[in-house]
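Computed from a predicted model, the values in this text were never measured in an experiment. A, B, ... follow the sequence lines: proteins, then strands. Residue 1 opens every chain.
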Amino acid sequence: MTAASPALRASRRRLEPWSVAAVIALTAASVLAGLVLRTTVAEGSRRVELDGSSVDVPAGWLVAAPIGDALLSVHDPLDPDQRYVVERYDPAGLALDDAARHRLTDQTGLLDGFSLLEDTAASIGGVTTHRLRYTFADASVTPAVVVEALEDHFAAGDRIVVVRLEAPQADFAAAADRYDRFRSQVASSLARAVAPGGQAAAPAAAASSGIRAQVAMVGRSGLPLGRATVAATTADMVAATVQVRQIALASDPSSVVGWGSGTILSADGLILTNAHVAMPSAAGLAIYDHDPTPVRDPAGLVVAIVDREDQPPVPRYRAHVVAADGYLDAALIRVDQNLDGSPIAPGSLHLPVLPIGDSDALRVGDRLTVVGFPGIGGDTISLSSGEASGFLGDDRIGSRAWVKTDAVVSHGNSGGLAADGSGALVGIPTRGPEDVGGYSLLRPIGLVRPMIDAALRGSGSFASRYVVPGTGSERVSFDTWTNTVSACQAGSRLTTYPSAARQVLALFQQAGMAAGEDVVIQWRLDGKVVVRDGLRISTDAAGGGCLQLSVYSDRGLPDGRYRVELYVGPTLRDAASAETTVGAARSSTASLSGRVVDVDSGAPIGGAVLYLLVAGTDPQSWYGAPSEDAVAGFAVTGADGSFRIAGLATGVVYPAVVVADSYYPAAGSIGPLPTGDSTLDDITLGHSGP
Amino acid sequence: VTDQCRVCDEPATHVLGNEAYCDRHYERATRRADAHWRVDLLSIAVLAAFVLAVYALDAALKPKLEGLTLSAVGIVLALVPAAVWLVFFYRRDRREPEPRSMVVGVAILGALIGSAVVLPLLSDALDVSTWLPRSPAVNLLGSILVVGAIESFAVYAAVRFSVYGSAEFDERVDGVVYGSAAGIGLAVALNVAFVVESGGTDLGSGTIRIVMTALAQASFGGVIGYFLGRHKFEDRPLWWMPLGVAVAAVLNGLFSFLRGTAVAGGISGPMADLGPWLGLALAAVLAIGVTAAVSTLIRRQLRLTLPPPPPSPAPGSV
């Protein structure tokens, strides 16, 4: 037996620091390995298919199959407000920038509290995009979440692809970092056949390209455009601008119900104004606005002339409509009677006239003067000035359908005068800034020129070139609600949809329609109009075919009663409608409510998400690679931890997964549910903190 | 034998393994650990009774506690297991008690390191709560590699850089005592953070979590202490202490993993009701098992290193 020698003890004392160092090194190595693991988890991704190619999305996010225009939609299971979306749509002949803005306007129907933050040109790895950034409120959760969205539109062949990030505003910056890679992948895999300058190539659809060709002729055809040889003065502009009053009783010129402005085109009383001022029922106006609400034309029109600039205009004449183009929202009226109804003797009128300018020559930055009776700041004539801020396109009219301006334009300006630097009439103030993000819109005079020329020639009739008149013998009938349609046959016939369904799709059968004829569609949610849309009958669908009408939201449609209405024919009559429900509690369905709480503290967990899965899904493996298609319904808990989910099937056992930030997920099954409301025991989750 | 005692530099009279001891320290180093058993079991039983009492009180009175009151009650509850444990510790080592101030001091050090370093590191810097639940595999690995490693190192550091060098750390079992104290301190820090973070606690299942955490951390601290005790008094290789910290980290991680995935969440039916009790049972089994393992190891170590048939008197029976 030998005891430790002093030498051995000394050597052990020397070794002791190494022991400490070894423990520290082990701990450091372990934590480092943990960090690598964390990065792998946080940055981990899985490949998903995107239109024949593939992109990486965060592992564990829910992937939704393509639906409607949406090619791909993925979202964080913990946070339905954080998602990546790729959509593809038809630019309908519009340039990229216009298409992006139009698209945005169309898509905001279901968004509350929409606010535009950015509207710029951008680039993703060499692909030119039009970038839009905006916020909206997700009111489906309590408290409501402000969601920020960043979307890039870029050309891909004859379509435009939009790739979008949505995230709660508080997390947006962090989410954007990670999103960059996804966005680049989408851009590089989908941006093919990009036309120079990032413009969408002209659509292959014959109908739209034909219209573009037609529009390109405007301004170079017909009579030579008037040129101002002598610059008109401001006084000339004021003198040539009149107020056009709508009256309710033909017998009473003072029964004014509304008014707009107008510009005198000829000394004998031809006045240009808006169709929505002179003839709201003009064919094409409802089609342009997708607004089938019936309107009545005023019983008469009164023209008021400015005698003194500091006094309201004086009603002097009566006028009638000569021609109108509802799609352009332009109308020509002619003064034909004095205020008391007595006819005006031919040749006796000598009204001040303004020369017609060349709107095609307008350039961004050119000075514009707007004159009219805006109705703000008194009834007297008002002049404001600004610049041609840009142009907006339209699928039927072409790229210069509108001139944007920052000049002050309000409702009463409608139909009035927009003059260029030489004082010549170049546009009709038609839409105020509330319609299009801060800019007012002028209708370029060049587009209205054919109508003016026809009227000056004394031609009796004028037909808009932008609207195909209905046949009058249209027949539309509702077929069924469904999820898929193939060759005009519904995949499955549905009557209702579960909570958070992403799409409702109605199938209608139609006959007797002309090619190019318009159908106006209106969607109501619980009685309130949420979406207005329109479609044109294609050449091969003329005479008969089906119409597939859908609304979808990749966030899940709000619960409620959905109704779709179709308006067709020359008068846009209410031809057919259908109604369904999403998630609403009905006698034949079940609903479920409950709470999610912390297992240890009993505290309610807000923002937890309960996923009810399609029967037969294994919740554990679903959580490993979740897909939206296996989700039968979901609910997000409010701040008090409570949730409610309606529109569930009775007698079904739903596999369920509950997730929440910083909690371990829980899996199980719920059901079979009885008809009506059921309340679940508190769902408990364990906190994942140390 | 001409060497000095490895503890006190008195002339050595005994040899244990490769180390020389004086009479006094040889007696201490070879003291039987059997007596600790009953005390450990008793302390676990008292804590279980405490949980039941709070549960019953909660069920009977259904107190409506909110805000600060609830937080205050929660913090008191978080301290109870530590107090119980320390009281029983003092009884356990009655014959040759460690200075109370040092044991309490190590526990406080454990709590301070826990709240000043471990919690900010895990919750804020590493943000474990957001990524651990991603999948069971990630949870298990992350619990061991990150949560377990950092908490184990904290306990190791609380003992190694304080009492380890002192003369009061004079027997192998002392490592277990101080390690457990540091673990209890860490548990107090975790529990107080839990109560404050959730704005109070459910008196029933929250108490279970608190007791569970305390028991578990005490036993993991005991494992580290066992390795530290033998490291100090025996000639162990360089990998000995890293092994000790690693074993504790694995146990710690396993505990978090089981608590998180196996028993915490429940959607409906019996799982939700059973969850907390399963958790308590799990923690108790783990704590008892680990403590028993540590005691067994110490006794076996003594048997192996003690000289064959001692002349007289028999070691450990003085």
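Checked options F227(B), F153(B), W240(B); the residue passing with V23(A) is F153(B) (criterion: side-chain contact (heavy atoms from CB on, under 4.5 Å)).
Heavy-atom proximity under 4.5 angstrom to chain A picks out V245(B), A246(B) from residues 243-253 of chain B. Residues of residues 29-38 of chain A having a heavy atom under 4.5 Å from any heavy atom of chain B, listed by number: S30(A), V31(A), A33(A), G34(A), L35(A), L37(A), R38(A).
The greatest number of non-hydrogen atom pairs below 4.5 Å with chain B, out of V20(A), V596(A), D661(A), is found for V20(A).
Only the side chain of R160(B) comes within less than 4.5 Å of a heavy atom in chain A; its backbone stays farther off. Contact of A154(B) with chain A is not made at all, since no heavy-atom distance falls under 4.5 Å.
If you take CH2 on W131(B) and OG1 on T40(A), they are separated by 9.0 Å, rounding to the nearest 0.5 Å. To the nearest 0.5 Å, atoms OH (Y623(A)) and CZ (R134(B)) are separated by 6.0 Å.
Residues Y664(A) and S256(B) come closest through the heavy atom pair OH-O, 4.3 Å. When all heavy atoms of S19(A) and Y156(B) are compared, the pair lying nearest together is O-OH, 4.5 Å. Minimum interatomic distance between S129(B) and S662(A) (heavy atoms only, all atoms of both residues): OG-OG, 2.9 Å.
Looking only at side-chain heavy atoms (C-beta outward), W18(A) and M241(B) stay at 4.5 Å or farther from each other.
Taking the side-chain hydrogen bond (donor to acceptor under 3.5 Å, both in side chains) definition, one finds that D618(A) meets it with S621(A), sequence neighbours left out. Residues passing the ring-ring contact (aromatic ring centres under 6.0 Å, His included) test with W61(A), sequence neighbours excluded: Y84(A).
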